[in-house]
Amino acid sequence: MNELKINHLAVLVSVIWMFVLGFLWYGPLFGESWMSMVGLTMEDAQANPPGAGVWVTNVISSVVPVYLMAWFFVKMNVQSLVTGAIHGFLIGFAFNLLPAMSGGMFSGDPYALAWLQGGFQVAGWAVAGMILGAWTKSK
């Protein structure tokens, strides 16, 4: 039986997927709702575009967790699209959606904001899990 190893190309595709989903999610799909819930206007966003630090942080905070999930998948011997999707969904739900709900409740954020932000994470991790689970590599 071949031993699994991290498929770096699958990690790259998963990270790109997260950026594409983020663009769509916080743009045409739910951008107006999100901006309203966090108190932003289009004028504010255009007057203060994100700097390099935001984008560097965004890349790091996308690459590191996807690599960690890929490493977990190797250790757990995840080798299918469905199994990867289930694990990715559970990771997004347990480690992103639920803490967002709890934190949002304590900070007085609209309840819908937790679903919007957490929903992005759940969808992103589920598809990243599908990619990593289906696109395995053996030693």
Side-chain angles (χ1 to χ4, degrees):
M1 183 162 160
N2 290 331
E3 192 175 329
L4 290 180
K5 67 179 190 175
I6 292 175
N7 183 341
H8 300 286
L9 190 54
V11 169
L12 176 63
V13 169
S14 296
V15 169
I16 291 169
W17 155 251
M18 295 294 264
F19 279 99
V20 169
L21 179 63
F23 171 79
L24 294 171
W25 197 274
Y26 291 104
L29 295 176
F30 304 109
E32 288 181 25
S33 297
W34 175 76
M35 288 178 73
S36 173
M37 284 186 258
V38 298
L40 279 177
T41 65
M42 189 57 76
E43 293 78 28
D44 293 336
Q46 291 172 342
N48 299 303
V54 171
W55 291 108
V56 168
T57 302
N58 194 21
V59 169
I60 292 169
S61 67
S62 297
V63 171
V64 171
V66 172
Y67 260 111
L68 185 60
M69 186 163 72
W71 181 77
F72 282 140
F73 279 18
V74 166
K75 298 298 179 191
M76 296 182 330
N77 200 33
V78 173
Q79 297 186 63
S80 80
L81 183 140
V82 172
T83 304
I86 291 168
H87 286 299
F89 173 86
L90 292 173
I91 288 168
F93 182 79
F95 294 110
N96 294 109
L97 178 61
L98 293 177
M101 285 182 166
S102 178
M105 289 173 151
F106 279 104
S107 63
D109 291 339
Y111 189 62
L113 182 60
W115 281 104
L116 195 148
Q117 292 176 329
F120 162 73
Q121 296 293 334
V122 170
W125 288 113
V127 175
M130 287 171 50
I131 293 166
L132 295 172
W135 197 0
T136 60
K137 196 171 185 180
S138 299
K139 289 184 180 178

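A quick note: this is a predicted structure, and the numbers were derived from the prediction, not measured. Index from 1, following the sequence.
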Taking the side chain as C-beta and beyond, is there a heavy-atom pair between L81 and W135 under 4.5 Å?
-> no

Test item: S61 side-chain N/O and N58 main-chain N/O as donor-acceptor pair under 3.5 Å = yes

Connected to I60, directly or through other members, by ILVMFWY side-chain contacts below 4.5 Å are V56, V64

Over all heavy atoms of both residues, which pair between L132 and V66 is shortest? Give the atoms and the distance, please.
-> CD1-O, 4.0 Å

Is the Y111 ring parallel, tilted or perpendicular to the W115 ring (thresholds 30°, 60°)?
-> perpendicular

Would you indicate whether the side-chain heavy atoms of V59 and F19 approach each other to under 4.5 Å?
-> yes

CE-CG distance between M101 and D109, expressed to the nearest 0.5 angstrom | 12.5 Å

Going by heavy atoms in the side chains, are L113 and V38 under 4.5 Å from each other?
-> yes

Taking all heavy atoms of G88 and all of M69, pick out the closest pair and write down the distance.
-> CA-SD, 4.1 Å

Shortest non-hydrogen contact from L116 to W25?
-> O-NE1, 2.9 Å

Which residue pairs satisfy the side chain to side chain donor-acceptor pair (under 3.5 Å) criterion with at least one member in residues 4-21, sequence neighbours excluded?
-> H8-Y67

Rounded distance [0.5 Å steps], OG1 in T41 versus CD in Q46 = 8.5 Å

List the atom of W125, the atom of N96, and the distance in Å for their closest heavy-atom pair.
-> NE1-OD1, 3.2 Å

Taking every non-hydrogen atom, the tightest pair across A70 and V11 | CB-CG2, 3.8 Å

Give, for atom CZ of F30 and atom OG of S36, the distance between the pair rounded to the nearest 0.5 Å.
-> 14.5 Å

Are M37 and M42 connected in the hydrophobic side-chain network, where two residues link if heavy atoms are under 4.5 Å apart?
-> yes

Nearest heavy-atom pair of D44 and G39: which atoms, and what distance?
-> OD2-O, 4.3 Å

Contacts of W34 meeting ring pair (Phe, Tyr, Trp, His ring centres under 6.0 Å) (sequence neighbours excluded), chain-then-number -> Y26

Are F106 and L98 grouped together when hydrophobic residues (ILVMFWY) are joined by side-chain heavy atoms under 4.5 angstrom apart?
-> no

Straight-line distance of L68 CG to I91 CD1, nearest 0.5 Å = 8.0 Å

Measure the CH2-CE distance between W71 and M76 for me, rounded to the nearest 0.5 Å.
-> 10.5 Å

